Amino acid sequence: MTGAAVVLAGEAGARAGAIDAWLGDEAARAVVDEASAVVGRDVATWWRDPLNLCCDTTAAHVEVVVSGVAGYRSLTARGLRPVVVAGHGVGEYAALVAAGALPLDQVVELVHWRAELLSLSPRPSCAGMAAVVGRGAGEVARAVVAEVGPSGPLTVAAVDGPAQVLLAGGCESLERAREAVLAAGLDLVRLPGRNACHGPLVAPVARHLAAALADLDWSPPEVPVVPNADGRPTRDPAQLAQCLRAHLTSPIQWEATSHALVEAGVTAVIEVGAVPVLGPLVRQVAPDLPVHLVTGPGTPLPTTPPEPAPAVPVPTRGET
(Lines give C-alpha, C1' and ligand atoms only; values in the text may rest on other atoms or scores of the structure.)
Protein backbone atom coordinates (compact mmCIF):
# COMPACT_ATOMS: atom_id res chain seq x y z
CA MET A 1 0.00 0.00 0.00
CA THR A 2 1.24 3.50 -0.81
CA GLY A 3 -0.10 6.91 0.17
CA ALA A 4 -0.27 5.99 3.86
CA ALA A 5 1.07 7.81 6.88
CA VAL A 6 2.38 5.85 9.85
CA VAL A 7 1.86 7.28 13.35
CA LEU A 8 3.49 6.02 16.54
CA ALA A 9 2.13 6.74 20.01
CA GLY A 10 4.16 7.71 23.04
CA GLU A 11 3.76 6.60 26.65
CA ALA A 12 -0.04 6.29 26.36
CA GLY A 13 0.49 3.36 24.01
CA ALA A 14 2.49 1.23 26.46
CA ARG A 15 0.79 -2.09 27.20
CA ALA A 16 2.22 -5.11 29.04
CA GLY A 17 3.07 -7.94 26.66
CA ALA A 18 2.17 -5.98 23.52
CA ILE A 19 5.57 -6.68 21.97
CA ASP A 20 4.87 -10.44 22.05
CA ALA A 21 2.62 -10.15 19.01
CA TRP A 22 5.62 -9.05 16.93
CA LEU A 23 8.20 -11.59 18.14
CA GLY A 24 7.40 -14.17 15.47
CA ASP A 25 8.19 -11.68 12.70
CA GLU A 26 11.82 -11.70 11.56
CA ALA A 27 12.16 -7.96 10.94
CA ALA A 28 10.45 -7.02 14.21
CA ARG A 29 12.36 -9.63 16.21
CA ALA A 30 15.68 -8.19 15.01
CA VAL A 31 14.68 -4.81 16.47
CA VAL A 32 13.74 -6.37 19.82
CA ASP A 33 16.99 -8.37 19.94
CA GLU A 34 19.06 -5.25 19.23
CA ALA A 35 17.24 -3.33 21.96
CA SER A 36 17.86 -6.18 24.41
CA ALA A 37 21.58 -6.06 23.62
CA VAL A 38 21.68 -2.30 24.20
CA VAL A 39 19.71 -2.38 27.46
CA GLY A 40 21.44 -5.52 28.74
CA ARG A 41 18.31 -7.53 29.48
CA ASP A 42 15.55 -9.40 27.66
CA VAL A 43 13.23 -6.48 27.02
CA ALA A 44 10.25 -8.66 26.11
CA THR A 45 10.37 -10.24 29.58
CA TRP A 46 10.86 -6.80 31.13
CA TRP A 47 7.70 -5.52 29.45
CA ARG A 48 5.42 -8.45 30.29
CA ASP A 49 5.01 -7.25 33.90
CA PRO A 50 2.27 -4.57 34.03
CA LEU A 51 3.87 -3.05 37.13
CA ASN A 52 7.05 -2.30 35.18
CA LEU A 53 5.18 -0.27 32.58
CA CYS A 54 2.89 1.59 34.97
CA CYS A 55 5.51 2.34 37.63
CA ASP A 56 8.77 2.58 35.67
CA THR A 57 8.95 5.47 33.20
CA THR A 58 12.11 4.02 31.68
CA ALA A 59 10.42 0.71 30.86
CA ALA A 60 7.35 2.40 29.37
CA HIS A 61 9.32 4.84 27.21
CA VAL A 62 11.74 2.25 25.84
CA GLU A 63 8.83 -0.14 25.21
CA VAL A 64 6.81 2.22 23.02
CA VAL A 65 9.88 3.31 21.06
CA VAL A 66 11.10 -0.23 20.36
CA SER A 67 7.60 -1.55 19.67
CA GLY A 68 6.94 1.29 17.24
CA VAL A 69 10.15 0.65 15.32
CA ALA A 70 9.58 -3.11 15.33
CA GLY A 71 6.08 -2.71 13.96
CA TYR A 72 7.20 -0.22 11.33
CA ARG A 73 9.99 -2.45 10.05
CA SER A 74 7.64 -5.43 9.93
CA LEU A 75 5.19 -3.43 7.83
CA THR A 76 7.80 -2.13 5.41
CA ALA A 77 9.18 -5.66 5.04
CA ARG A 78 5.66 -6.63 3.94
CA GLY A 79 5.71 -3.93 1.27
CA LEU A 80 4.26 -0.87 2.98
CA ARG A 81 5.73 2.36 1.55
CA PRO A 82 4.53 5.24 3.72
CA VAL A 83 4.76 8.81 2.49
CA VAL A 84 5.24 10.36 5.94
CA VAL A 85 5.88 9.27 9.55
CA ALA A 86 5.04 10.98 12.85
CA GLY A 87 5.23 10.11 16.54
CA HIS A 88 3.57 11.72 19.56
CA GLY A 89 5.72 12.58 22.58
CA VAL A 90 8.48 10.02 23.04
CA GLY A 91 6.99 8.32 19.99
CA GLU A 92 8.85 10.92 17.92
CA TYR A 93 12.07 9.05 18.74
CA ALA A 94 10.52 5.91 17.25
CA ALA A 95 9.47 7.84 14.15
CA LEU A 96 13.01 9.14 13.62
CA VAL A 97 14.47 5.63 13.83
CA ALA A 98 11.74 4.15 11.66
CA ALA A 99 12.32 6.73 8.93
CA GLY A 100 16.07 6.15 9.00
CA ALA A 101 17.10 9.50 10.49
CA LEU A 102 18.73 7.97 13.60
CA PRO A 103 20.20 4.54 14.50
CA LEU A 104 18.21 2.34 16.84
CA ASP A 105 21.01 1.65 19.33
CA GLN A 106 21.72 5.35 19.93
CA VAL A 107 18.04 6.15 20.40
CA VAL A 108 17.42 3.27 22.82
CA GLU A 109 20.32 4.49 24.98
CA LEU A 110 19.11 8.08 24.73
CA VAL A 111 15.49 7.29 25.61
CA HIS A 112 16.68 5.19 28.56
CA TRP A 113 18.81 8.10 29.81
CA ARG A 114 16.07 10.65 29.11
CA ALA A 115 13.54 8.72 31.21
CA GLU A 116 15.96 8.50 34.12
CA LEU A 117 16.63 12.23 33.88
CA LEU A 118 12.92 12.95 34.29
CA SER A 119 13.48 12.26 37.99
CA LEU A 120 15.01 15.77 38.05
CA SER A 121 11.63 17.28 37.20
CA PRO A 122 8.93 17.95 39.84
CA ARG A 123 7.33 14.79 41.17
CA PRO A 124 3.76 14.00 40.06
CA SER A 125 2.68 14.76 43.63
CA CYS A 126 3.82 18.37 43.07
CA ALA A 127 3.14 18.91 39.37
CA GLY A 128 1.58 17.08 36.49
CA MET A 129 -0.64 17.23 33.44
CA ALA A 130 -4.34 17.51 32.66
CA ALA A 131 -6.41 17.40 29.48
CA VAL A 132 -8.90 20.11 28.56
CA VAL A 133 -11.58 18.12 26.72
CA GLY A 134 -14.36 19.48 24.53
CA ARG A 135 -14.90 21.56 21.44
CA GLY A 136 -13.00 24.82 21.64
CA ALA A 137 -10.42 23.29 23.98
CA GLY A 138 -7.59 25.39 22.52
CA GLU A 139 -9.29 28.72 23.12
CA VAL A 140 -10.30 27.75 26.65
CA ALA A 141 -6.84 26.38 27.47
CA ARG A 142 -5.10 29.57 26.29
CA ALA A 143 -7.49 31.72 28.32
CA VAL A 144 -6.93 29.61 31.44
CA VAL A 145 -3.13 29.79 31.05
CA ALA A 146 -3.36 33.58 30.69
CA GLU A 147 -5.49 33.75 33.85
CA VAL A 148 -3.71 31.22 36.06
CA GLY A 149 -0.20 31.07 34.61
CA PRO A 150 1.17 34.37 35.99
CA SER A 151 0.54 33.23 39.58
CA GLY A 152 2.03 29.75 39.15
CA PRO A 153 3.60 27.40 36.64
CA LEU A 154 0.99 26.52 34.01
CA THR A 155 1.45 26.11 30.27
CA VAL A 156 -0.05 24.44 27.22
CA ALA A 157 1.87 21.16 26.82
CA ALA A 158 0.15 19.64 23.79
CA VAL A 159 -2.39 20.76 21.23
CA ASP A 160 -3.75 17.33 20.35
CA GLY A 161 -6.78 18.42 18.37
CA PRO A 162 -9.77 20.78 18.29
CA ALA A 163 -11.30 18.95 21.26
CA GLN A 164 -8.24 18.15 23.37
CA VAL A 165 -5.40 20.27 24.74
CA LEU A 166 -3.02 19.24 27.51
CA LEU A 167 -1.89 21.55 30.31
CA ALA A 168 1.24 21.11 32.41
CA GLY A 169 1.84 22.81 35.73
CA GLY A 170 1.93 22.67 39.49
CA CYS A 171 -0.87 20.88 41.31
CA GLU A 172 -2.27 24.12 42.74
CA SER A 173 -2.30 25.73 39.30
CA LEU A 174 -4.02 22.70 37.80
CA GLU A 175 -6.70 22.85 40.48
CA ARG A 176 -7.31 26.53 39.71
CA ALA A 177 -7.38 25.63 36.03
CA ARG A 178 -10.07 23.03 36.72
CA GLU A 179 -12.38 25.67 38.13
CA ALA A 180 -11.87 27.92 35.11
CA VAL A 181 -12.30 25.09 32.58
CA LEU A 182 -15.50 23.84 34.22
CA ALA A 183 -16.82 27.40 34.30
CA ALA A 184 -16.25 27.54 30.53
CA GLY A 185 -18.40 24.42 30.06
CA LEU A 186 -15.61 21.97 29.28
CA ASP A 187 -13.99 19.18 31.31
CA LEU A 188 -10.50 18.90 32.80
CA VAL A 189 -9.13 15.36 33.15
CA ARG A 190 -6.06 14.87 35.36
CA LEU A 191 -3.48 12.49 33.94
CA PRO A 192 -2.15 10.65 37.02
CA GLY A 193 1.52 9.79 37.37
CA ARG A 194 2.74 11.95 34.49
CA ASN A 195 5.63 14.41 34.64
CA ALA A 196 4.87 17.98 33.65
CA CYS A 197 6.69 17.71 30.32
CA HIS A 198 6.71 20.01 27.29
CA GLY A 199 7.08 23.17 29.30
CA PRO A 200 9.49 25.09 31.55
CA LEU A 201 9.20 22.67 34.49
CA VAL A 202 11.41 20.15 32.66
CA ALA A 203 14.03 22.68 31.53
CA PRO A 204 16.68 21.13 33.90
CA VAL A 205 16.12 17.76 32.21
CA ALA A 206 16.54 19.32 28.77
CA ARG A 207 19.83 20.94 29.82
CA HIS A 208 21.23 17.62 31.03
CA LEU A 209 20.04 15.92 27.84
CA ALA A 210 21.67 18.45 25.50
CA ALA A 211 25.08 16.75 25.38
CA ALA A 212 23.59 13.37 24.49
CA LEU A 213 21.46 14.95 21.75
CA ALA A 214 24.55 16.62 20.31
CA ASP A 215 26.27 13.23 19.92
CA LEU A 216 23.57 11.65 17.72
CA ASP A 217 24.49 10.50 14.22
CA TRP A 218 21.89 11.99 11.89
CA SER A 219 21.09 10.88 8.33
CA PRO A 220 18.53 12.12 5.79
CA PRO A 221 15.40 10.03 6.47
CA GLU A 222 13.93 7.84 3.76
CA VAL A 223 10.52 9.48 4.25
CA PRO A 224 9.57 12.85 5.77
CA VAL A 225 9.09 13.02 9.54
CA VAL A 226 6.72 15.48 11.23
CA PRO A 227 8.37 16.81 14.42
CA ASN A 228 6.22 17.61 17.45
CA ALA A 229 7.78 21.02 17.90
CA ASP A 230 6.57 22.55 14.62
CA GLY A 231 4.20 20.08 12.95
CA ARG A 232 5.82 20.42 9.51
CA PRO A 233 7.10 17.41 7.51
CA THR A 234 10.81 17.49 6.67
CA ARG A 235 13.70 15.30 5.54
CA ASP A 236 16.30 17.85 6.66
CA PRO A 237 18.43 16.30 9.44
CA ALA A 238 19.40 19.75 10.73
CA GLN A 239 15.74 20.73 11.15
CA LEU A 240 14.88 17.41 12.77
CA ALA A 241 17.79 17.80 15.19
CA GLN A 242 16.74 21.33 16.07
CA CYS A 243 13.18 20.20 16.77
CA LEU A 244 14.39 17.28 18.88
CA ARG A 245 16.48 19.66 21.01
CA ALA A 246 13.32 21.70 21.62
CA HIS A 247 11.10 18.64 22.02
CA LEU A 248 11.02 18.25 25.79
CA THR A 249 10.24 21.88 26.60
CA SER A 250 8.00 22.73 23.60
CA PRO A 251 4.27 22.00 23.24
CA ILE A 252 3.40 19.00 21.08
CA GLN A 253 1.75 20.29 17.91
CA TRP A 254 -0.30 17.22 17.07
CA GLU A 255 -3.27 19.13 15.62
CA ALA A 256 -0.82 20.76 13.19
CA THR A 257 0.61 17.30 12.49
CA SER A 258 -2.84 15.98 11.59
CA HIS A 259 -3.32 18.90 9.20
CA ALA A 260 0.12 18.18 7.71
CA LEU A 261 -0.90 14.58 6.99
CA VAL A 262 -3.98 15.80 5.14
CA GLU A 263 -1.96 18.37 3.20
CA ALA A 264 0.54 15.64 2.25
CA GLY A 265 -2.32 13.85 0.48
CA VAL A 266 -2.26 10.67 2.56
CA THR A 267 -5.02 8.19 1.75
CA ALA A 268 -4.97 6.42 5.13
CA VAL A 269 -3.29 6.62 8.52
CA ILE A 270 -1.76 3.46 9.98
CA GLU A 271 -1.26 3.51 13.75
CA VAL A 272 1.17 0.92 15.09
CA GLY A 273 0.25 -0.05 18.64
CA ALA A 274 -1.82 -2.18 20.96
CA VAL A 275 -4.63 0.37 21.42
CA PRO A 276 -5.90 3.35 19.40
CA VAL A 277 -4.33 6.53 20.77
CA LEU A 278 -3.54 8.81 17.85
CA GLY A 279 -6.18 7.71 15.34
CA PRO A 280 -9.03 9.39 17.24
CA LEU A 281 -6.97 12.59 17.46
CA VAL A 282 -6.33 12.59 13.70
CA ARG A 283 -10.06 12.15 13.13
CA GLN A 284 -10.79 15.27 15.14
CA VAL A 285 -9.11 17.14 12.27
CA ALA A 286 -9.95 14.80 9.36
CA PRO A 287 -13.06 12.75 10.25
CA ASP A 288 -13.20 11.12 6.79
CA LEU A 289 -9.56 9.99 6.71
CA PRO A 290 -9.39 6.20 7.23
CA VAL A 291 -7.35 5.11 10.25
CA HIS A 292 -6.14 1.53 10.63
CA LEU A 293 -4.74 0.10 13.89
CA VAL A 294 -1.99 -2.50 13.42
CA THR A 295 -1.38 -4.59 16.55
CA GLY A 296 0.87 -7.28 15.06
CA PRO A 297 2.28 -8.73 11.84
CA GLY A 298 -0.93 -10.67 11.19
CA THR A 299 -3.06 -7.53 11.00
CA PRO A 300 -4.15 -7.07 7.38
CA LEU A 301 -3.21 -3.77 5.78
CA PRO A 302 -6.06 -1.71 4.34
CA THR A 303 -6.56 -2.05 0.59
CA THR A 304 -9.79 -0.11 0.36
CA PRO A 305 -10.80 2.82 2.60
CA PRO A 306 -12.81 1.54 5.58
CA GLU A 307 -15.75 3.41 7.01
CA PRO A 308 -14.40 6.11 9.32
CA ALA A 309 -15.19 5.75 13.01
CA PRO A 310 -16.48 8.71 15.01
CA ALA A 311 -13.87 11.17 16.25
CA VAL A 312 -13.82 11.15 20.04
CA PRO A 313 -11.42 12.80 22.47
CA VAL A 314 -8.90 10.26 23.81
CA PRO A 315 -6.56 11.81 26.39
CA THR A 316 -2.97 10.93 25.52
CA ARG A 317 -2.16 10.64 29.23
CA GLY A 318 0.50 13.28 29.13
CA GLU A 319 2.80 11.98 26.43
CA THR A 320 6.46 12.62 27.21
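What you see is a predicted model, and the numbers here were worked out from it, not measured in a lab.
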Tell me which one of I252, L191, T155 satisfies side-chain contact (heavy atoms from CB on, under 4.5 Å) with L166.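 When I252, L191, T155 are each tested with L166, the side-chain contact (heavy atoms from CB on, under 4.5 Å) holds only for L191.
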Nearest-0.5 Å distance that lies between atom [atom1] in [X] and atom [atom2] in [Y]:
X: L244; Y: L216; atom1: CG; atom2: CG; answer: 7.0 Å
X: E179; Y: L174; atom1: CD; atom2: CG; answer: 12.0 Å
X: E175; Y: L188; atom1: CD; atom2: CG; answer: 8.5 Å
X: T58; Y: L53; atom1: OG1; atom2: CG; answer: 11.5 Å
X: E271; Y: L281; atom1: CD; atom2: CG; answer: 8.5 Å
X: W22; Y: S67; atom1: CH2; atom2: OG; answer: 9.0 Å

Are the side chains of V31 and Y72 in contact, using a 4.5 Å heavy-atom criterion?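 Heavy-atom side-chain distance check fails, nothing below 4.5 Å.
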Any non-hydrogen side-chain atom of R232 less than 4.5 Å from a side-chain atom of P227?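 They are not in contact (no side-chain heavy atoms under 4.5 Å apart), so the answer is no.
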Under 3.5 Å, is there a donor-acceptor pair between the side chain of E92 and the main chain of N228?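 Between the backbone of N228 and the side chain of E92 there is a qualifying donor-acceptor contact (under 3.5 Å).
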For the ring pair H247 and H198, is the centre-to-centre distance below 6.0 Å?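 That pair passes the under 6.0 Å test.
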Would Q239 and D230 satisfy side chain to side chain contact (heavy atoms under 4.5 Å, CB included), going step by step from the backbone distance to the final call? CA-CA 10 Å; Q239 178 64 17; D230 65 11; 2.9 Å; yes
Carboxylate-amine/guanidinium proximity below 4.0 Å for E11 and R194: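 Here E11 pairs with R194 in a salt bridge, since their nearest N and O are under 4.0 Å apart.
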For D217 and Q106, test the side chains for any donor-to-acceptor distance below 3.5 angstrom and give the result as yes or no.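 There is such a pair (donor and acceptor under 3.5 Å, judged by atom type) between the side chains of D217 and Q106.
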Start with the C-alpha gap between D33 and R29, add the side-chain angles, then the distance that decides, and say whether salt bridge (charged side-chain N to carboxylate O under 4.0 Å, His left out) holds. CA-CA 6 Å; D33 288 346; R29 181 76 208 202; 3.0 Å; yes
Please determine whether side-chain hydrogen bond (donor to acceptor under 3.5 Å, both in side chains) holds for the pair Q284 and D160, giving the CA-CA distance in whole Å, both sets of side-chain angles, and the decisive distance to 0.1 Å. CA-CA 9 Å; Q284 287 187 18; D160 283 337; over 6 Å; no
Should L293 and I270 be regarded as members of a common hydrophobic cluster, given that ILVMFWY residues are connected when their side-chain heavy atoms come within less than 4.5 Å of each other, either directly or indirectly?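 Per the 4.5 Å side-chain linkage, L293 and I270 are not co-clustered.
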